[in-house]
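The structure appears right after this line, and notes come after that.
Atoms considered below: every heavy atom in the structure, side chains included; atoms not considered: hydrogens, waters and symmetry mates. Chain A is the first sequence line, chain B the second, and so forth, proteins listed ahead of strands; every chain is numbered from 1.
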Number of protein chains: 2
Amino acid sequence: MKRNDFSQWDCALARTVDVIGDWWTPLILRDAARGVTTFDDFHLSLGISRNTLTQRLNSLVDHGVLAKTLYSERPKRYRYALTEQGVDLVPVLMAMASWGQKWLQDVSPPFRVRHKRCGHEATAMVVCACCGEPLALSDLEPLPKGESA
Amino acid sequence: MKRNDFSQWDCALARTVDVIGDWWTPLILRDAARGVTTFDDFHLSLGISRNTLTQRLNSLVDHGVLAKTLYSERPKRYRYALTEQGVDLVPVLMAMASWGQKWLQDVSPPFRVRHKRCGHEATAMVVCACCGEPLALSDLEPLPKGESA
DNA sequence: AATAGTGAGTTCACTATTGGAACTGAGTCG
DNA sequence: CGACTCAGTTCCAATAGTGAACTCACTATT
């Protein structure tokens, strides 16, 4: 495929896509968020081929999204777990899933979880970090250049 | 690559990944949100190869994310624009970009836009649709099965 | 002691996708 | 007439993904 490399682009979206923008990575992360930790469990749960899984896992570790730790010296056994950076990606995955639930037919949520803060089932919504109102393209307009607020 | 087909999976995340989960699609959508509409402008802006662009554009149209309209009969000229479904994807892209800005070095926002509702520069945040609090994995716990709230 | 099983990969052959460049075709401009 | 624009299509070589089998270091079973 001679995949294009976005790692030098000066765009937050392109750089994020460089980390999680393939077909398997978001699902690996979904499983990690659900508590899957071992190589074979990822393989079993997703049906991803083993060499691709090796690459993805290594790439996520390189990018600091997953951490690989040895949990048994003999025989050597490893565990993959979300780092703080990876944990922070979970809401983004939930936002993607929310879109899917709204617009695609016959889909279940990727995780059925309860939001401890309110006690209800958690569903993601993307809002403006500043005013808390839902973000919508129609409420956005180009920033006059040079302006920062 | 014999790309895996997630279109039959019963998981909102997997199905969403099936629509936008490759390296180019989020960037095509970013450009569309910025106002790019024609085939050549996408090609020029992204540097994507033309045959891949054709495929991606067709796939997005098939999925109902973009709409293709004829805006000149002779010569035939087409315009690609975000549908309502596509517009609804923009906040998700912004959430991805926010993550990139937080965790990756040397990145600029994909669009510098003003949020008309509050007047400030828009930055995305993912919250619980129910209580409006920021979503974080640490606040989530598995739902007792059968329970829906 | 021999066999089976587990976790974590690697190797191999095969196939599908991508990138890049060139090409087509319809129509407009000077 | 020749050059140019838009919207693709065609072709090839390079690369990435798949599935199956294999390795290696241990542990458990019979």
statement: Sorted by number, residues from residues 32-39 of chain A placing a heavy atom under 4.0 Å from DNA chain C are A/Thr38, A/Phe39

Positions of residues 61-78 of chain B (non-hydrogen atom under 4.0 Å from DNA chain C), listed by number: B/Arg74, B/Pro75

Compile the donor-acceptor pairs under 3.5 Å between side chains in residues 7-19 of chain B and protein atoms, sequence neighbours left out, one pair per line.
residue: B/Ser7; atom: OG; partner: B/Asp5; partner atom: OD1; Å: 2.8
residue: B/Ser7; atom: OG; partner: B/Asp5; partner atom: OD2; Å: 3.2
residue: B/Asp10; atom: OD1; partner: A/Ser108; partner atom: N; Å: 3.0
residue: B/Asp10; atom: OD1; partner: A/Ser108; partner atom: OG; Å: 2.8
residue: B/Asp10; atom: OD2; partner: A/Ser108; partner atom: OG; Å: 2.9
residue: B/Arg15; atom: NE; partner: B/Ser7; partner atom: O; Å: 3.2
residue: B/Arg15; atom: NH1; partner: A/Gln105; partner atom: O; Å: 3.2
residue: B/Arg15; atom: NH1; partner: A/Asp106; partner atom: O; Å: 3.4
residue: B/Arg15; atom: NH2; partner: A/Gln105; partner atom: O; Å: 3.1
residue: B/Thr16; atom: OG1; partner: A/Met96; partner atom: O; Å: 3.1
residue: B/Thr16; atom: OG1; partner: A/Gly100; partner atom: N; Å: 3.4
residue: B/Thr16; atom: OG1; partner: B/Ala12; partner atom: O; Å: 2.7
residue: B/Asp18; atom: OD1; partner: B/Arg3; partner atom: NH2; Å: 2.9
residue: B/Asp18; atom: OD1; partner: B/Phe6; partner atom: N; Å: 3.1

Taking only residues two or more places apart in sequence or in another chain, which ones pass side-chain contact (heavy atoms from CB on, under 4.5 Å) with [X]?
X        : answer
A/His115 : A/Arg117, A/Cys118, A/Ala122, B/Cys128, B/Cys131, B/Glu133, B/Leu135, B/Asp139, B/Leu140
A/Ser98  : A/Ala124
A/Pro142 : none
B/Asp41  : B/Val36, B/Thr38

- request: Each residue besides A/Met125 in its hydrophobic cluster should be listed here, by chain and number; the cluster joins Ile, Leu, Val, Met, Phe, Trp and Tyr at side-chain heavy-atom distances under 4.5 Å.
  value: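 When side chains under 4.5 Å apart are linked, the cluster holding A/Met125 also contains A/Val127, B/Met125, B/Val127.
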
query: When clusters are formed from ILVMFWY side-chain contacts under 4.5 Å, directly or step by step, what else is grouped with A/Tyr78?
result: A/Leu70

Give every donor-acceptor pair under 3.5 Å between a side-chain atom in residues 24-33 of chain B and any protein atom, sequence neighbours left out.
residue: B/Thr25; atom: OG1; partner: B/Asp22; partner atom: OD1; Å: 2.4
residue: B/Asp31; atom: OD1; partner: B/Arg34; partner atom: NH1; Å: 3.4
residue: B/Asp31; atom: OD2; partner: B/Ser45; partner atom: OG; Å: 2.4

message: Could you spell out the base pairing of DNA chain C as a dot-bracket line? Use Watson-Crick and G-U wobble contacts where both distances are under 3.5 Å, [ ] for crossing pairs, | for partners on a different strand.
response: ||||||||||||||||||||||||||||||

Identify all pairs in which a protein N or O lies below 3.5 Å from an N or O of nucleotides 21-24 of chain D, and state each distance.
none

